[in-house]
Visitor: 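Starting off with a structure, shown below.
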Amino acid sequence: MTSRLASRLLNWYRLQGRTLPWRGHPDPYAVWVSEIMLQQTRVEAVIPYFEKWMRLFPTVKELAGASEQDVLNAWEGLGYYSRARNLHKASKIVVEKHGGELPRDLKALRELPGIGRYTVGAIASIAFNMDEPTLDGNLRRVFARLFDVSEAADSPAGEKILWNLTAGHLPRGQAGDYNQALMDLGATICLPRNPRCLLCPLMEICEARANGTQEQRPVLKPRKETPFFTHAAGVMTMNGKVLLAKRPSKGLLGGMWEFPNGRVDGEPAEELESALEAGYQLKVRTGEALVTVQHAYTHFRVMVHAFRCELVNTSANENLKWVKLEEMADYPMGKVDRQIARVLHG
DNA sequence: AACCCGTGGAG
DNA sequence: TCTCCAAGGGT
């Protein structure tokens with residue numbers, strides 16, 4: 001039994017659904033890669049990365065055999081780099097424990113790093129045509145509006161209601177199309193701001209059920225305000241090489257490379273030396289500022305002053321490396337450090 | 001539960 | 001310029 005909602009939705013999807021590189025792809029691996037890339041990331045940003053990724057790592061086995069450096073390089077610019085590290089880890093597990101094939105078992109999928117409740121439902125329904133619901137930001141918004149969900153949509157209580165709503169309308173045998181239709185609807189019609197209700201295939205149902213509260217849905221918890229920090233970075237060049245540091249594997253930009261830097265509270269030029277000593281066991285003499293970069297991360301903003309430094313002394317450190325200027329592109333960096341690197345390269 | 005994790009586009 | 005937030009997961 002297909003609900004009226006699902007029926008309207010599926011008819012609309014056949015006519016208005018988007019054509020995307022991973023849609024109709026025969027390989028579950030392609031669906032997997034796309035779902036990881038699409039976490040908190042827009043379709044337009046993902047497409048070029050997906051196509052490059054599938055050229056570099058066409059199969060699970062080739063991904064598993066790649067170095068973390070190559071994997072992070074392929075991901076550079078897409079953000080949330082733990083996704084790349086987890087996908088890489090998971091590919092090795094799939095090769096070792098599942099014969100190189102993505103398992104069709106919900107529990108086995110859920111245990112792979114980087115695959116949570118949403119991604120299990122998406123892969124199971126889209127790649128394996130299983131009757132599984134899922135809930136992402138699009139479905140959350142669509143159902144919160146359609147059924148006047150006053151509970152905070154990003155709270156456990158609200159999410160439980162929303163999971164039940166989407167599961168309750170799931171059409172047997174067409175869960176993949178149903179889930180993707182709701183995502184397309186959320187991304188092109190039921191927009192966060194200024195929804196295009198006149199083009200919506202569910203307008204009639206929505207008007208009947210939503211009590212006119214659509215513009216006030218979904219209810220979301222208030223955000224915390226973002227702090228601001230100032231950092232100083234040291235640019236140390238010698239014989240056509242520059243000193244780079246590898247970040248810890250966890251946390252912000254985990255496993256990526258950067259110019260040695262530290263947080264400063266007073267005048268950057270005066271504090272840089274002590275900051276670098278604390279973080280990198282370096283002795284340096286600062287010179288003139290090379291470039292200043294501002295950047296807004298999700299949870300804080302930074303201003304980074306990059307200084308040319310004269311190196312006096314350094315202790316042994318595995319995470320420090322002298323890199324030829326022409327080879328900086330081979331070292332995965334976040335946006336800020338890539339910007340500094342570009343200034344150096346000319 | 002609350003917090004952390006990137007980047008870019010839209011308004 | 002500034003705020004919002006996007007096919008979430010991990011801790």
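Protein chains get the first letters and strands the later ones, always in sequence-line order, with residue 1 at the start of each. Side chains are part of it too, since the values below use all heavy atoms of this structure and drop only hydrogens, waters and symmetry mates.
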Visitor: Please report the distance, rounded to the nearest Å, between CD1 in A/I36 and C1' in C/dG10.
Guide: 12 Å
Visitor: Can you check the A/L38 CG to C/dC5 C1' distance for me, whole Å?
Guide: 15 Å
Visitor: Under the rule for side chain to side chain contact (heavy atoms under 4.5 Å, CB included), what residues qualify as partners of A/E51, not counting sequence neighbours?
Guide: A/P21, A/I47, A/R55
Visitor: Step through it carefully: locate the ring centre of A/F229, locate the ring centre of A/F300, and say whether they are under 6.0 Å apart.
Guide: yes
Visitor: Can you confirm if the aromatic rings of A/F50 and A/W22 lie within a centre distance of less than 6.0 Å?
Guide: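 Yes.
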Visitor: I'd like to know if A/E151 pairs up with A/K160 as an ion pair, taking the criterion as any Lys NZ or Arg NE/NH1/NH2 lying under 4.0 Å from an Asp or Glu carboxylate oxygen.
Guide: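 No, this pair does not count.
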Visitor: Does A/D70 reach the main-chain N or O of A/A66 with its side chain, forming a donor-acceptor pair under 3.5 Å?
Guide: no
Visitor: Does the side chain of A/K250 get closer than 4.0 angstrom to OP1 or OP2 of C/dG10 through an N or O atom?
Guide: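 The answer is no; no side-chain N or O of A/K250 sits under 4.0 Å from OP1 or OP2.
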Visitor: Check the distance between C/dG8's P and A/N138's CG and give it to me in whole angstrom.
Guide: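 After rounding, the reported distance stands at 7 Å.
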Visitor: Can you check the distance between C/dA7 and B/dC5, where both ends of the measurement are the P atom (answer in whole Å)?
Guide: 22 Å
Visitor: Hey, does A/S155 reach any base, or is it just sugar-phosphate, or nothing, if we go heavy atoms under 4.0 Å?
Guide: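 No contact at all - A/S155 keeps every heavy atom at 4.0 Å or more from the nucleic acid.
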Visitor: Please report the distance separating the P of C/dT11 from the corresponding atom of B/dG6, rounded so that it comes out in whole Å.
Guide: 14 Å
Visitor: Going by atom types alone, do A/Y118 and A/E35 pair a side-chain donor with an acceptor below 3.5 Å?
Guide: yes
Visitor: Return no unless some side-chain N or O of A/R223 is found under 4.0 Å from OP1 or OP2 of B/dA2.
Guide: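 No.
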Visitor: Please report the distance, rounded to the nearest Å, between CG in A/L220 and C1' in B/dA2.
Guide: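 Computing the A/L220:CG to B/dA2:C1' distance gives 16 Å.
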Visitor: Can you measure A/Y118 atom OH to C/dA6 atom P for me and round it to whole angstrom units?
Guide: 13 Å
Visitor: Closest to the A/M183 side chain: C/dC5, B/dA2, C/dA7?
Guide: C/dA7
Visitor: Let's see if you can work this out: which of C/dA6, B/dA1, C/dG9 has an atom nearest to the side-chain heavy atoms of A/T119?
Guide: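 For the A/T119 side chain, the nearest candidate turns out to be C/dG9.
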Visitor: Could you state the atom-to-atom distance from CZ of A/R140 to P of C/dA6 in whole Å?
Guide: 7 Å
Visitor: Looking at residues at least two apart in the chain, or sitting in another chain, which of them share a salt bridge (Lys or Arg N to Asp or Glu O under 4.0 Å) with A/R23?
Guide: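 Here the qualifying residues are A/D184.
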Visitor: Just the rounded figure in Å: distance from P of B/dA1 to NZ of A/K221.
Guide: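 Whole-Å distance recorded here is 7 Å.
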Visitor: Using a cut-off of strictly less than 4.0 Å between a heavy atom of the residue and any atom of DNA chain C, enumerate the qualifying residues of residues 16-24 of chain A by number.
Guide: A/R18, A/L20, A/W22, A/R23
Visitor: What heavy-atom pair brings A/R145 and A/P192 nearest, and what distance separates the two atoms?
Guide: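 Nearest pair, atom of A/R145 first, then A/P192: NH2-O, 3.0 Å.
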Visitor: Can you check each nucleotide of nucleotides 4-11 of chain B against protein heavy atoms at under 4.0 Å and return B for base, S for sugar-phosphate only, - for none, in 5' to 3' order?
Guide: BBBBB-B-
Visitor: Between A/S34 and A/I115, which has a closest nucleotide on DNA chain C that is more 5'?
Guide: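 Mapping each residue to its closest nucleotide by heavy atoms, the 5'-most match is A/S34.
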Visitor: Just jot down the side chain to side chain donor-acceptor pair (under 3.5 Å) partners of A/K107, sequence neighbours excluded, or say none.
Guide: A/E111
Visitor: How is the hydrophobic cluster of A/L198 composed, in terms of its other members, when Ile, Leu, Val, Met, Phe, Trp and Tyr link through side-chain heavy atoms under 4.5 Å apart, directly or indirectly?
Guide: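 A/M203, all in the cluster of A/L198.
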Visitor: What's the CG-P distance between A/N179 and C/dG8, to the nearest Å?
Guide: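 Rounded to whole Å, this separation is 13 Å.
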